[in-house]
2 protein chains.
Amino acid sequence: MTYDFRMEIYQLRTFVTVAQQGHLTQAAELLHLSQPAVTAQIKALEEEFGMPLFERYPGGVQLTEAGKLLLPEAENILGLSRKLLHKAKSLQGEPRGKVRIGTIGVPARLKIGPWLARLRQRHPLLSIETTHGVSVSILNEVRKKTLDAGFYLGRNPYQNVNTLPLTEIGFCVALPPQLAGELANADWKELGKAPWLGVSQFSSLADITQELCRSRNIAPQKVGEFDEESTLLELIKAGLGVAVLAERTAKRYAADGSIMLWRGGEVAIRAPLQFIYSAEREDDALIGMLKGALRQVWDLP
Amino acid sequence: MTYDFRMEIYQLRTFVTVAQQGHLTQAAELLHLSQPAVTAQIKALEEEFGMPLFERYPGGVQLTEAGKLLLPEAENILGLSRKLLHKAKSLQGEPRGKVRIGTIGVPARLKIGPWLARLRQRHPLLSIETTHGVSVSILNEVRKKTLDAGFYLGRNPYQNVNTLPLTEIGFCVALPPQLAGELANADWKELGKAPWLGVSQFSSLADITQELCRSRNIAPQKVGEFDEESTLLELIKAGLGVAVLAERTAKRYAADGSIMLWRGGEVAIRAPLQFIYSAEREDDALIGMLKGALRQVWDLP
DNA sequence: GGAGGCTAATTGCAAATTCTGATGCGCAAA
DNA sequence: TTTGCGCATCAGAATTTGCAATTAGCCTCC
């Protein structure tokens, strides 16, 4: 009722058209309007602006100085309106919806930033939510479809979950400085006799440690169970025992001497980092987009 | 009827308000509208855009991803609309109208560019027309009010015309190279015996030449009558006779030797360059603006 | 000087739109 | 279960917008 202003786009369109035609009649034709309608619209604008926009001559109209100054702004508004509508149209076919992704470990190692950035750029209407957790819980949520997809560290997790392997992550055996003297180059049998830091069974490190022990035929004594890499790290530094650490973490902390690495950082075992999603959604367009962006970020075929 | 688009500003205003309020009801109150009206406007926009702009929750609405992307553009359009209206308002009180100005001689010497630029900047609704002529005809048109004002070269032109003196222009006696030998340092009596190029009586040069001859008590023989400085110049070069030239023009052409100057370019007479306007309009606001801008450009008090 | 042609303004009425108030529905908190 | 809040829907009212016909002003051409 009592707005800021009453001016509307259709009036500006008429203003611009009349300005470029120089005739109310011709403008009316172009706009599929009658001449009185054009007259009325121009009149309404002139009233709102408090000044005439055109000088009326026999044979047509001509912009006043004020009209010349206001015309570019009107054109600008029209242009932006078209742009807005164009943007809307370009968004029409875009896939939309919320995507829930489960992350694990250090997000940077998942290349989560570049991945989501690319996804967002390609499909601006996708809104993405991430939930951080350990591999096992992420796997369960993907199976239950509480999550659309997630990351998993380890081998073939489950029958009804499909995977896209992204990379392999190497693991080293980290030693406390106090034990480095006797264990730095020990064989597996000797390592097995050292105290090991146990890992919570929900973490992917658990499976990896377990697989390592089985393959090397050792069954070391476990000093508790822990579920975070940073906790593990502190305990190694404190000399409580040896543990398996991701290669990159291990090397970073080994560099300042706070921990030591068995055999100079030899990779003891590898585990695949995988993208996982419900097998039922193999042909889902959304999953396809997620995988597509992942392939680009991880340089996969 | 069948436009490009139907979207209107009032819908965008509602869109933006709803977006920042998060409630159709509150937005309706702010906009002095009923809630169904707001609902309908948002619905119309959503239909035109081909996608929902808000997600409806119990307790309010929230922008969709598409809405988030389109909102800034809508705000932009609203902002520009306000700017347009603001510009119109700022133009409301501005003096407007056509100003007809008579110019003479070389426009650059009148500082016409800087003057009109300044005028235009201060009073954007003034539209200026210039007519070029000789001093006498400009004077007549100013008296007849066919021109609002003009420039005049010479002294107190007429009773019912007021003046604003701008500067003084010096004049030299220009000699053909052929006559330079005998006349270069001649006295006035000798100069008076040489052939002179007459000047059309409508040009300001005529008055000046006449005044010069009277004051020096000479009555030279005239070789025709000419009304353009450039014509005069050619005739001097061709050796037809001597003539009075504006100092600046004279020096420019003397520099390359195509003409010579009496007594090395001594100023023989001076004449004021004046801004003239009808005495009846001394207190006219328009004349005041013209004079104001002139004073600034010419550094007058 | 008058007729005809061109263009904009005006007027009365019809059509379309926008707005409102009442009502219904869904959800959440009491 | 009830109450409260907020959005959707609907029918009718109010406003706006548009059109056809006409008028009025100006110019040109007979």
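Predicted, not measured: the structure shown is a model, and the values here were computed from it. Protein chains get the first letters and strands the later ones, always in sequence-line order, with residue 1 at the start of each.
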Atom pair distance, as rounded to whole Å: [atom1] in [X] and [atom2] in [N]:
X: B:Gln11; N: C:dT18; atom1: CD; atom2: P; result: 7 Å
X: B:Tyr10; N: C:dT17; atom1: OH; atom2: P; result: 10 Å
X: A:Gln35; N: C:dG5; atom1: CD; atom2: P; result: 18 Å
X: B:Arg13; N: C:dT18; atom1: CZ; atom2: P; result: 13 Å
X: A:Arg6; N: C:dC19; atom1: CZ; atom2: C1'; result: 13 Å
X: A:Phe54; N: C:dT7; atom1: CZ; atom2: C1'; result: 14 Å
X: B:His32; N: C:dT20; atom1: NE2; atom2: C1'; result: 16 Å
X: A:Ile42; N: D:dT17; atom1: CD1; atom2: P; result: 14 Å

Got a salt bridge between [X] and [Y], using NZ or NE/NH1/NH2 to carboxylate O under 4.0 Å?
X: B:Glu141; Y: B:Arg100; answer: no
X: B:Glu55; Y: B:Lys68; answer: no
X: A:Lys87; Y: B:Glu73; answer: yes
X: B:Lys291; Y: B:Glu282; answer: yes

*Please collect all side chain to side chain donor-acceptor pair (under 3.5 Å) contacts where either partner lies in residues 74-85 of chain B, sequence neighbours excluded, each pair once.*
A:Asp4-B:Arg82
*Position toward the 5' end of DNA chain D (nearest nucleotide), A:Pro36 or B:Ala40*: B:Ala40
_Tell me whether A:Arg109 forms a cation-pi arrangement with A:Phe151, defined as NZ or CZ under 6.0 Å from the six-membered ring centre and within 45 degrees of its axis._
no
*Give me the residues of residues 55-67 of chain B where at least one heavy atom lies under 4.0 Å from an atom of DNA chain D, by number, or none.*
B:Arg56, B:Gly59, B:Gly60, B:Val61
*Proximity to DNA chain C (any heavy atom under 4.0 Å), residues of residues 17-30 of chain A only*: A:His23, A:Leu24, A:Thr25
*Which is true for A:Ala37 with a 4.0 Å heavy-atom rule: it touches a base, it touches only sugar-phosphate, or it touches nothing?*
sugar-phosphate
So, OP1 or OP2 of [N]: does either fall under 4.0 Å of a side-chain N or O from [X]?
X: B:Ser34; N: C:dG21; result: no
X: A:Lys43; N: C:dA8; result: no
X: B:Gln41; N: C:dC19; result: yes

*Select one nucleotide: of C:dA9, D:dC7, D:dC19, the one nearest the side-chain heavy atoms of A:Leu33.*
D:dC19
*Tell me whether the centres of the aromatic rings in B:Tyr10 and B:Phe15 are closer together than 6.0 Å.*
no
_Between B:Tyr152 and B:Tyr277, is the ring centroid distance below 6.0 Å?_
no
*Non-hydrogen side-chain atoms of B:Leu84 and A:Ile77 separated by less than 4.5 Å*: yes
